Trainee: 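Have a look at this one before I ask anything.
Remember, it's a predicted structure, so these values are computed and weren't measured experimentally. Just follow the structure's listing: the first ligand is 1, and inside any ligand the first atom is 1.
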Amino acid sequence: MRGAAGKISDVGRPDMAGMQRGACPALAAPMQTGDGLLVRLRPAGGALTLSQFRELASAAARHGNGILEITARGNLQIRGLRPETVGLLAADIDAAGIILPDGVAIEISPLHGVDADEITDAAEMEATLRSTLGALLNHPHLAPKLSVLIDGGGRFALSAVIADIRIVAQQPGQWLLAVAGDEETAMPLALGGPEVVVAAASELLRMLATRGRQTRARNIDAATLHTHFPQTDSIRSIRRAPKKSSYVGVTKLATGNAVLGLRLKFGQTRAADLISFLASAGSGGAREIRLAPDRGFFLIGLSEAAMPTVQQAAVDLGFSIRANEPAEQIAACAGAGACASAFYNTRTLAGQLMDRVPDLFDGSLKLHLSGCAKGCAHRHADLAIVGSPDGYGFVLDGLAADSPAARIAGEGIDFAIEKLARLIEDQRGAGESSADCLKRLGATALAEALQQE
Ligand code: SF4
C-alpha cells in the first residue's frame, strides 16, 4: 500500500484478507450496460459447489434479468441488475458461502487439485501469492483489468490465455514467471521455486503500481524489464508443449474419474435453464463446478453411468457438449428481449446463420453478433453484424463500433443471409477457409454482394 511518502510500502504480512467474503469490488462498482447493471465475479479458485451455483442462478433471477454469462476468461457475469438489487445480490452471495477474492484477478487451471496430470497444484500457488503479496495485489494504483494467471499444467493448460503476469509450472517445485502474452509470446523473467517467482511477481507489481492505473504489463518496455530482471535472456520454458484440446465433452482423467466440460451457447444461459440442468447434474452425482476459459465449466463428480442422461439434459437446455460446434464461432450479446439497447435478437440471427450459411462455420471464422454498436460480447472479430436504428451493419475484420462495410435495412436481413451464403459458396477457393475467403474478398466485395438486387 502507499505509505506517507507516496512510495509503495513493503509487501503485506501473510493474510487471507483477499479471500474474505462479501468484499468484491465488482459488487461495489457494477458496470452500466444496455440491459442494466452487470457484475463480473470470479469465485475463489474458479470453483463452486453445485448448491452454490444454484443459489447464484436463483439470485440472478431474483435480482437481475435472469441472464448469466461465462466470459472468454472464465469469469461469471450477472446481468440486468438495478441499483437497489446489487446489495441484495451481494447478501445472497455471502449467505451461499461464495468467496470472492478481492484485488487483482488471479486465474488458475480449472482442474486444479482434480487432474492427476497437473504438475503442481495451481491453487496452492494462488494461496501463496495472496498470503505473501496481499497488500500489493490490492494496491489501488494497479490497472483494474490487470490479470495474473497460474497454470499448474495438466490436461487443460491455459497456454492460449493472455495475461499480464503468467506463472506456469515447469516441473514439480519449479515455476516460470513471464509477462504480457500467452504461452508463446510472453517474455520470461524468472525461473525457480515458489519464492523466486513470488519475489519476481512482487517486483513487477511494484513497477506496475508505481506507473499507475493505466499501465498494463505490455506497456513496460523490454529494456526496463531487462534492467530489473537481468537473467531474463538465459531463461527458457522447459515445459513440454501441452496438448491442445477443447475442454468441451467427456474427459477421462488419470485418476480414472471422468469430468464433463460444457460450454454456454454464445456464453449465456438463463437462470431457469441452469437451475434445471444443475438438478440433473446433481442427480448424476456431480458435486462441484469449475469455471473454464472460453465460456464454459466442468462438472466434477458425475458418475459415468449418469453421463448420457446429463449430456442429454445439457443439450435440451441449450448447452454445447461437443467441441467445435458452430456456436463456438459465434460471440453474441444479450440482444433484444434481454437488453433495452438491442436492435435485434442476436440468438435468433445466430440460429438462422448456422442453418442457412453452414459453410461459414468451418472453424476458421469468429463471428460477432452485436445488438448495438457497444459490442459487449466481443472485441475484434472477422465479421460483426451490428444492430442500429436503420437495420444491420456488416463490419469486416473489426469492432462493433467500426464503420460497417455494408448496411442492410431491418427487413432485408433474410436476403442478406442468402447473399452471404452464395458469396461464400461461389467465391471460396479450394482449400480456402471462410475467414480467409472473406479477408481476401474484402469490404468492397462484401458490400457489393450484400447490396445486389
Ligand atoms: S452490445 Fe448487446 S448487450 Fe451490449 S448494450 Fe448493445 S445490445 Fe445490449
Trainee: If we set the cut-off at 4.0 Å for heavy atoms, which region of C339 has an atom near ligand 1: side chain, backbone, both, or neither?
Mentor: side chain
Trainee: For S370, take its heavy atoms, then give the atoms of ligand 1 lying under 4.0 Å from any of them.
Mentor: 1 (S)
Trainee: I'd like to know if R155 and E118 make a salt bridge, using a cut-off of under 4.0 Å between side-chain N and carboxylate O.
Mentor: no
Trainee: What part of R79 sits under 4.0 Å from ligand 1 if we count only heavy atoms: the side chain, the backbone, both or neither?
Mentor: side chain
Trainee: Applying the salt bridge (Lys or Arg N to Asp or Glu O under 4.0 Å) test to E107, which of R73, R166, R290 qualifies?
Mentor: R73
Trainee: Will you find, in the side chains of D273 and S276, an N or O donor that is under 3.5 Å from an N or O acceptor?
Mentor: no
Trainee: Nearest protein heavy atom to atom 6 (Fe) of ligand 1, by residue and atom, and its distance?
Mentor: C372 SG, 2.3 Å
Trainee: At a 4.0 Å threshold, what atoms of ligand 1 neighbour a non-hydrogen atom of A342?
Mentor: 7 (S)
Trainee: Of L38, L56, T85, N65, which is the lone residue that meets side-chain contact (heavy atoms from CB on, under 4.5 Å) with I78?
Mentor: L56
Trainee: Aromatic ring centroids of Y392 and F343 under 6.0 Å?
Mentor: no
Trainee: Compare C333, C376, S341 and give the one whose heavy atom is closest to atom 4 (Fe) of ligand 1.
Mentor: C376
Trainee: Side chains of T49 and E288: is there a donor and an acceptor less than 3.5 Å apart?
Mentor: no
Trainee: Can you list the ligand 1 atoms lying under 4.0 Å from a non-hydrogen atom of G375?
Mentor: 1 (S)
